[in-house]
Asker: 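Mind having a look at this structure? Questions to follow.
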Amino acid sequence: MFGKIKSSGSSSDVLLANPIRNFCEIGKQTATAGPEHVWRIYDAYSKEDGKEVSVFLFDKRPVEKVRLKLKRKETVTEILRKGAQQMQRFPHPKILQVYKVEECPETLAFASEPVLASLANVLAYQEQQGIIGKQSTQTQSHRPIYVKEYELLDIEIKYGLLQITEALLFLHGNLKILHRNVCPSNIIITKRGTWKLAGFEFAENINEIPLTIQPWTSKTSKMAQPNLDYIAPEIQQNKLGSCSSDMYSLGMTICAIFNRGRPLIQANHNSSEYLKQLENLDEQVDIILPLVALPLREAVSRLLDKDPDKRPTAQILSMIKYFRDPLVHALQFLDVSKLKEIKQKEHFYTTTLRESLPYIPKKLLYQHIWWYLQVELQSQKVLSAVLQPVLYIIQESTKEEYEQIIFPTLRPLFSNRKSIQGTVTLLENLHVILEKTPDEYIDSEILQMLYTSFDNSTMQVQTAAFVAVTNVTEYLDDEAIRTKILPKLLQAFENGTVDERKLMKVVYCILNRLEKQKIIDYVLPLLCKVKLQEPEIVIRVVNIYKLMLADKKYGLSVNWMATRAMPSLLPQAVNPALNLEQFISLFQVLQEMLNHIERNQRNKLTLDNLSLPSPERYRPFRHQHSTDNVHVQSFNIPNLRIDQRKTSSAEDMARKNSMTGPDRTASAENMARKNSMLASFGGWFTSTVNDSNFLKVHNAFTSRRLSDNTLMTPKIRVAQSCASSPGGTPGGGLPARRHSSTGSQERRGSNINLSPPTGDGMPTTSNSVPYLLSSSMNSIRGSRRPSVLSTSSQQGSGLLQQVGSSMYQFFNK
C-alpha cells in the first residue's frame, strides 16, 4: 500500500548522468514529492560553500516503459521543468527556494533548500499508524508514497497552514497566479520545520475570472494532471476555475491532515467516482469537523462549500482567530527576519522570542528556531540580542544536545572578534556556557577569552570580565587566581576604571583561594583604601571582614583590627545612608572585633601578671576569692542556744581570785586535770551540763587574743534532736571565721547572727550559724599561729578551770 517508487537503475547511475553533480555532492534519498510523487528527493551538500541542500530528481526512463507516445513523454517533462523554473523565479519565504535546475536526456533535477519530506510522506506515516493491526479492505497501489516517520505537533500544523495560506495570498494577490494543485504532495516540509508551497507544474495566470480550465481526464497521464481528490467541484463539473478553487483544495488538505492523511474524496483516479462522492461531501464534512481544531472548524466548513463565492479568500483566512497565537507570530517573524530593521530584531530577540521560548516544544526549538538563531549569531549588529534566547536554549538543553547542536555554532564566538555589547553579554553569562561545555575546551578557549578581556580598552568589557570572575570562580584554578586575576584586580583598583562595588565582590569570591601572605600583603591594605561612601560598598567590606574573622587562616590580626579596620569602619556607624539591616551587620562585625581585642589583651595581661613576684601575683586572686566576698544564705537551727561569751580574760582572773578555801583547792585540781586532758585529746573538748538536752561548747584555747575571738566567744547549746529536725545540719557545724593568723587559702565563710542575751542568761539565735563542725575547730586550731599557742599558759586561766570542771563532771557521770 505504501510502496516506494522503484527506479529502473541504481540511484548513483541516474545521478551521475545529470550535471547537477557538478554543483553538489549527493547523498541518499529521503522523500518524494510532486504529481504522483515523480520527484525523488536526496540529501546533498553544496560543493561551493559546503551548505546543506536537497536535490529533486525526475527519472525520465520509467515514462518510456509505460509505452507512452513521444508527445506524452515530452509533455510530462515539460510540465515538470516548468514547475521547477517557476519556483526559481518566485523568491518568496513561503515558496520552496530553488537554486539551480539541470537536465540531461535521462533525468531532470534541481537543487533546493534542505528538505525533510513532503506533507504527503508524513501523512502516509500517520495513515499507516492508524491502520496497524487492521486489514485494509481497499488496495491503493496507485499511491506510491514514500513513508516518512515524523510526528506533527499542533503548533506545527497551525503555523504550517498559515504559511501555505500566506503563499496563496502572495500568488493570488501579488502574482495573479492560480496554483491549481494544492495538495499534500506539493507542500514541502523543510529541515527547519517550515512548510513551503511547491508543485507549480499546472500554475496559470489569472487573465480573466472565471478562468477556463481543462478538467481531470483518464485520457491523459496521471503525472501530467493535478490530483483528482483535491480538485475543486467547479473545475471538474463546469471547467471553470478561480482563486476560490485553490482555497477549496486547501480545505481538503486541512481535512486530510486531521483525518490521518485520508482525504474526504478518494476517487482512485476515476472521474465518475469523484462525482459520486462529491454528492455526499456535505455529510463527510460534518463527520470530519469534530476532528478539526475548534477555532478552525467554521473556516473549513466554508472552504469546502460547493459554491465558490462562499469560500473565504486567503487574506480573510489568514486573519481568523485560529492563527492569532503568540507562538505563531514569533515563528512568522523569524521567517521574514531578513527584511526587518536592527531595532525590530533586537526587540524581537530580547523580548518577544525570549518570552515565547518556554512554550515552544523542544523539537521545534532545534528544528526551526535554532536555524535562524545560528544565522543571526554571525551578525555583529544583533549579536547581543540574539544571545538572550540562545542562552535560554543552552540552559534548557541536555549536555548531549548542547555538544552536538549548540556548541559547534557557539565555539567560534570565543576566539573571533565580537561587538562590545556582544562580548559583555557573553562574559556576564559565561557560567551558563561553562556548565555545559566539555572540559577540554574550558581552559583553552572559553577562559582564555576571559583573561584577554581584562586588557580590553573598554570599561564595559573590563567590568563584565570581573563580573564573570564572580560567577565562574569554581572553574578557575588557584594559579590562575594568583597570577592572572589578583594582579588585574589590584590594577583596576589603582586605575579606578571599574566600579568598586564589582571589584569588592570579586575580592570576596577569591579570598578563600588566596594564600595568607597574599591576603596580608594585598587584600588588607586594599580594604583600607576603599572609599566607604555607598552602603553597598560598606556592606561588602563588612562581609569580607566577617569572613576573615571566622578563620585565622586569613591573617586578620588584633593589631590590624584595632589600628586599621575599626578606625575605617567606625565612622560608618553613623552613616545615614545605611538601613537598619546594614547597620546591624556593621555593628556585629565591630562588636566581634572588639571581642577579639578584649580576649587577646586579657590573656596577654594575665600572662604578664603571672610573671610577677609571688605576693604581687596572688594579690588579685586572694581578693577575688576572699570569704569576705562569699555570701551564704542564713538559716535557723531549732533548739540552738548561744551563751554569752566572756568578754575578757580580766573577768576570768577576777572570778578566780574571788574563790576561797575549798573552791581554790578544787580549782587547782581542776586545772591539773584539765592540763592532763589537753595533752591527751589535742586541745579542745565538748562537755555536757546538767541540762542533758543541750551541748555546751567552750573555747579550748584560753590563750586566744581578743582580736582573734569571733566564733568561739559565745557558749552554744544544741539540742540532741537538732540533727534530725527540719532545717538542721546533721553532721555539720558552724563555719569558723578566719583567724587573723590563717592564710588566704584557708578562709571560711561566716554569717553568724547572734541575738542579745535573754533573761535567763542564755542567748537565743534569730538566725542560725551554719556548718558548725568539730573539723572547723580543728581547722582553727591547726591554723593558729605558734606565738599564740606558746603563750596559752599565761592567758585565760579562768577558762581552763571551767573546761576542767566540765570534763570532771563528764567522766564521773
Side-chain angles (χ1 to χ4, degrees), residues 342-343 345-347 349-351 354 377-388 390-391 410 412-434 442-443 445-476 480-511 513-514 518 522-544 577:
I342 300 299
K343 290 185 178 179
K345 288 184 178 182
E346 289 178 346
H347 179 268
Y349 288 125
T350 56
T351 306
R354 179 63 182 82
L377 285 174
Q378 312 304 319
S379 172
Q380 297 297 322
K381 296 180 180 179
V382 293
L383 176 61
S384 177
V386 175
L387 282 173
Q388 300 301 323
V390 168
L391 290 168
L410 206 62
L413 293 179
F414 301 112
S415 55
N416 294 345
R417 183 181 179 86
K418 299 171 288 294
S419 64
I420 293 175
Q421 197 57 40
T423 305
V424 169
T425 304
L426 272 178
L427 289 170
E428 290 179 346
N429 296 276
L430 206 60
H431 58 289
V432 177
I433 299 171
L434 286 173
I442 290 179
D443 291 328
E445 297 188 22
I446 300 181
L447 291 181
Q448 194 61 38
M449 184 197 73
L450 171 63
Y451 302 145
T452 57
S453 299
F454 291 124
D455 299 323
N456 195 290
S457 58
T458 308
M459 185 178 66
Q460 295 96 313
V461 175
Q462 291 184 23
T463 303
F466 285 109
V467 171
V469 171
T470 62
N471 295 329
V472 303
T473 308
E474 59 184 298
Y475 297 98
L476 303 172
I481 290 177
R482 288 193 300 267
T483 60
K484 296 179 180 179
I485 306 299
L486 183 60
K488 297 299 180 183
L489 179 65
L490 298 174
Q491 183 180 351
F493 266 110
E494 184 177 351
N495 298 336
T497 56
V498 181
D499 188 352
E500 288 188 348
R501 291 173 296 182
K502 309 290 185 184
L503 299 179
M504 294 310 302
K505 191 174 181 180
V506 176
V507 174
Y508 183 84
C509 291
I510 69 173
L511 192 63
R513 306 285 294 277
L514 295 175
K518 290 280 187 183
Y522 300 108
V523 177
L524 288 176
L526 187 64
L527 296 178
C528 295
K529 294 179 183 178
V530 177
K531 297 178 181 179
L532 300 178
Q533 297 175 347
E534 299 183 16
E536 187 175 352
I537 297 179
V538 173
I539 293 305
R540 291 192 173 175
V541 172
V542 165
N543 290 336
I544 292 173

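By convention here, the first residue in the shown sequence is residue 1.
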Asker: Rounded to the nearest 0.5 Å, what's the gap from CG on Leu490 to CG on Leu526? Could you check?
Answerer: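 Leu490 atom CG to Leu526 atom CG measures 6.0 Å (nearest 0.5 Å).
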Asker: I want to check something: taking the side chain as every heavy atom from C-beta on, are Asn471 and Leu430 in contact at a cut-off of under 4.5 Å?
Answerer: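 The answer is no, as the side chains (C-beta and beyond) never meet within the 4.5 Å cut-off.
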Asker: So, taking the atom named CZ in Phe493 and the one named CE in Met504, what distance separates them when rounded to the nearest 0.5 Å?
Answerer: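 Here the rounded value is 5.0 Å.
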Asker: Any chance you could measure Leu383, atom CG, to Thr423, atom OG1, to the nearest 0.5 Å?
Answerer: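 One finds 7.5 Å between CG of Leu383 and OG1 of Thr423.
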Asker: In the structure I gave you, are the side-chain heavy atoms of Tyr451 and Leu476 within less than 4.5 Å of one another anywhere?
Answerer: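 A side-chain contact exists here, since the closest heavy-atom pair is under 4.5 Å.
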Asker: Check this for me: does any side-chain nitrogen of one of Arg501 and Glu534 sit under 4.0 Å from a carboxylate oxygen of the other?
Answerer: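 A salt bridge is present here (some side-chain N lies under 4.0 Å from a carboxylate O).
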Asker: Which heavy atom of Tyr475 sits nearest a heavy atom of Leu447, and at what distance?
Answerer: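 Heavy atoms only, the tightest pair is O-CD1, 3.7 Å.
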Asker: Is Ile420 atom CD1 crowded by more than 12 heavy atoms from other residues, nucleotides or ligands, each under 6.0 Å away?
Answerer: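 Counting neighbours around CD1 of Ile420, 12 or fewer heavy atoms of other residues, nucleotides or ligands fall under 6.0 Å, so no.
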Asker: Which atom names give the shortest non-hydrogen contact between Tyr349 and Ala385, and what distance separates them?
Answerer: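 Smallest interatomic distance, heavy atoms only, reads CB-O, 3.4 Å.
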Asker: Please name the residue in the list Leu391, Ile442, Leu413 that meets the side chain to side chain contact (heavy atoms under 4.5 Å, CB included) test with Ile433.
Answerer: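 Exactly one option meets the side chain to side chain contact (heavy atoms under 4.5 Å, CB included) with Ile433, and it is Leu391.
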Asker: How long is the straight-line distance from CG of Asn495 back to CE of Met459, given to the nearest 0.5 Å?
Answerer: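 Separation between the atoms: 12.5 Å.
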Asker: Are Tyr508 and Thr470 side-chain neighbours, meaning at least one heavy-atom pair lies under 4.5 Å?
Answerer: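 Of all side-chain heavy-atom pairs linking Thr470 with Tyr508, none is under 4.5 Å.
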Asker: I'd like to know if the side chain of Gln462 reaches the main chain of Asn456, judged simply by a donor and an acceptor atom lying under 3.5 Å from each other, with no hydrogens or angles considered.
Answerer: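 Judged by distance alone, yes, a pair lies under 3.5 Å.
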Asker: How long is the gap from CG on Leu532 to CD1 on Ile539, to the nearest 0.5 Å?
Answerer: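 Here the interatomic distance stands at 10.0 Å.
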Asker: Surrounding OH of Tyr522 (heavy atoms of other residues, nucleotides or ligands, distance under 6.0 Å), is the total greater than 12?
Answerer: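 Not buried by this count: 12 neighbours or fewer within 6.0 Å.
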Asker: For Lys418 versus Asn416, what's the shortest heavy-atom pair and its separation?
Answerer: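 So the two residues come closest at NZ-O, 3.0 Å.
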Asker: Measure from the side-chain N and O atoms of Arg513 to the backbone N and O of Thr473, and report whether any donor-acceptor pair falls under 3.5 Å.
Answerer: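 Yes: the side chain of Arg513 pairs with the backbone of Thr473.
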Asker: Does Gln380 reach the main-chain N or O of Arg417 with its side chain, forming a donor-acceptor pair under 3.5 Å?
Answerer: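 Such a contact is found between Gln380 side chain and Arg417 backbone.
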Asker: Which residues pass the salt bridge (charged side-chain N to carboxylate O under 4.0 Å, His left out) test with Asp455, sequence neighbours left out?
Answerer: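 In terms of salt bridge (charged side-chain N to carboxylate O under 4.0 Å, His left out), with neighbours along the sequence ignored, Asp455 is linked to Lys488.
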Asker: Which heavy-atom pair separates Ala468 from Leu450 by the least distance, and what is that distance?
Answerer: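 Distance-wise, the nearest heavy atoms are CB-CD1, 3.8 Å.
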Asker: For Glu346 and Thr350, which heavy atoms make the closest approach, and how far apart are they?
Answerer: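 Between these two residues, the closest heavy atoms are O-OG1, 2.6 Å.
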Asker: What is the minimum heavy-atom distance between Thr425 and Ser384, and which atoms define it?
Answerer: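 So the minimum-distance heavy-atom pair works out to OG1-OG, 2.8 Å.
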Asker: With the side chain counted from C-beta on, respond yes when Leu387 and Asn429 share a heavy-atom pair under 4.5 Å apart, and no when they do not.
Answerer: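 Answer no - side chains too far apart.
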Asker: Once rounded to the nearest 0.5 Å, what's the spacing between atom CZ of Phe414 and atom CE of Met449?
Answerer: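 Taking CZ in Phe414 and CE in Met449, the distance rounds to 6.0 Å.
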Asker: Taking the side chain as everything from C-beta on, heavy atoms only, tell me whether Ile537 gets closer than 4.5 Å to Lys531.
Answerer: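 Counting from C-beta outward, Ile537 and Lys531 never come under 4.5 Å.
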Asker: Does atom NZ of Lys505 have more than 12 heavy-atom neighbours from other groups under 6.0 Å away?
Answerer: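 Check fails, neighbour count at 12 or below.
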Asker: Could you check whether atom NE2 of His431 has more than 12 heavy atoms from other residues, nucleotides or ligands sitting under 6.0 Å from it?
Answerer: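 More than 12 heavy atoms, drawn from other residues, nucleotides or ligands, come within 6.0 Å of this atom.
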